[in-house]
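Written below as structure tokens is the structure these notes are about.
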Amino acid sequence: MSSTIHFRIDEETKRLAMQAAERQQMSLTELMRQRAEELAAEERRHQSSEHEGWLEEQIAQAFSRHDAGEGEYISNDEMENRMNALKQRAMRGTL
């Protein structure tokens, strides 16, 4: 699936951008698509990095709680029951 982006720029910027695209033997559309894809890839890396930092913090907190004796240990069956209950609440929109 694709979508279209429309934006306005002044004539001088457009002229120079078209010259830059021609120098790279690309159309301005192709060049702008490439730049947008590069921005999207950069944002994916940024979001991934943020998530990894968050996950590392969550793991560190879990180990800290474990080391402090604050952990709650449950059986696999109990864990599955709790997860099923959470899934049901999520499906009902009451989570």
Side-chain angles (χ1 to χ4, degrees):
M1 178 183 286
S2 63
S3 64
T4 303
I5 299 174
H6 295 274
F7 58 92
R8 295 194 178 278
I9 57 174
D10 63 74
E11 287 297 323
E12 176 71 3
T13 301
K14 180 181 176 183
R15 183 182 65 75
L16 292 170
M18 289 178 75
Q19 287 177 349
E22 287 175 13
R23 192 170 66 290
Q24 295 181 35
Q25 298 179 341
M26 302 174 81
S27 70
L28 184 55
T29 299
E30 291 169 325
L31 183 59
M32 297 309 295
R33 182 180 302 115
Q34 179 182 22
R35 296 292 169 95
E37 289 169 353
E38 289 168 0
L39 284 171
E42 178 183 319
E43 183 61 18
R44 280 188 200 97
R45 287 189 302 273
H46 174 73
Q47 289 180 7
S48 177
S49 174
E50 280 188 343
H51 177 72
E52 287 174 11
W54 173 85
L55 183 57
E56 287 177 8
E57 178 63 27
Q58 296 299 307
I59 292 168
Q61 288 176 10
F63 277 110
S64 293
R65 287 191 303 272
H66 174 270
D67 294 343
E70 298 172 357
E72 177 186 358
Y73 299 95
I74 60 174
S75 70
N76 189 58
D77 289 339
E78 176 63 20
M79 181 276 309
E80 287 184 11
N81 289 337
R82 289 184 186 189
M83 287 303 297
N84 287 334
L86 284 171
K87 288 176 187 177
Q88 290 299 317
R89 287 179 56 197
M91 287 174 40
R92 290 191 304 266
T94 59
L95 187 58

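Bear in mind the structure is a predicted one, so any value in this text is a computation, not a measurement.
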Gln25 atom CD: more than 12 heavy-atom contacts under 6.0 Å: no

With Arg89 via side-chain contact (heavy atoms from CB on, under 4.5 Å) - residues at least two apart: Leu86, Arg92, Thr94, Leu95

Counterpart residues, side-chain contact (heavy atoms from CB on, under 4.5 Å), relative to Glu78 (two or more places apart): Ile74, Ser75, Asn81, Arg82

Residue pair Glu50 / His46, side-chain donor-acceptor N/O under 3.5 Å: yes

Which residues share a side-chain contact (heavy atoms from CB on, under 4.5 Å) with Ala40, sequence neighbours left out: Arg44

Within 6.0 angstrom of Met26 CE, more than 12 heavy atoms from elsewhere: yes

Shared hydrophobic cluster, Met32 / Ile9 (ILVMFWY, side-chain heavy atoms < 4.5 Å): yes

Leu55 atom CG, neighbour heavy-atom count above 12 within 6.0 Å: yes

Hydrophobic cluster identity match, Phe7 and Met18, side-chain contacts under 4.5 Å: yes

Spacing of Ile5 atom CD1 and Thr29 atom OG1 [to the nearest 0.5 Å]: 11.0 Å

Lys14 bridged to Glu11 by N-O distance under 4.0 Å: no

Gap separating the CH2 atom of Trp54 from the CD atom of Gln47, nearest 0.5 angstrom: 14.5 Å

Donor-acceptor under 3.5 Å (Ser49 side chain, Arg45 main chain): no

Heavy-atom side-chain proximity of Gln61 to Glu57 below 4.5 angstrom: yes

Stepwise side chain to side chain donor-acceptor pair (under 3.5 Å) check, Glu80 with Asn76: CA-CA 6 Å; Glu80 287 184 11; Asn76 189 58; 3.2 Å; yes

Linked, directly or transitively: Leu39 and Leu31 (ILVMFWY side chains, under 4.5 Å): no

Pair Glu37-Arg33, side chain to side chain contact (heavy atoms under 4.5 Å, CB included): steps then yes or no: CA-CA 6 Å; Glu37 289 169 353; Arg33 182 180 302 115; 3.6 Å; yes

Any donor-acceptor N or O pair under 3.5 Å, side chains Glu30, Gln34: no

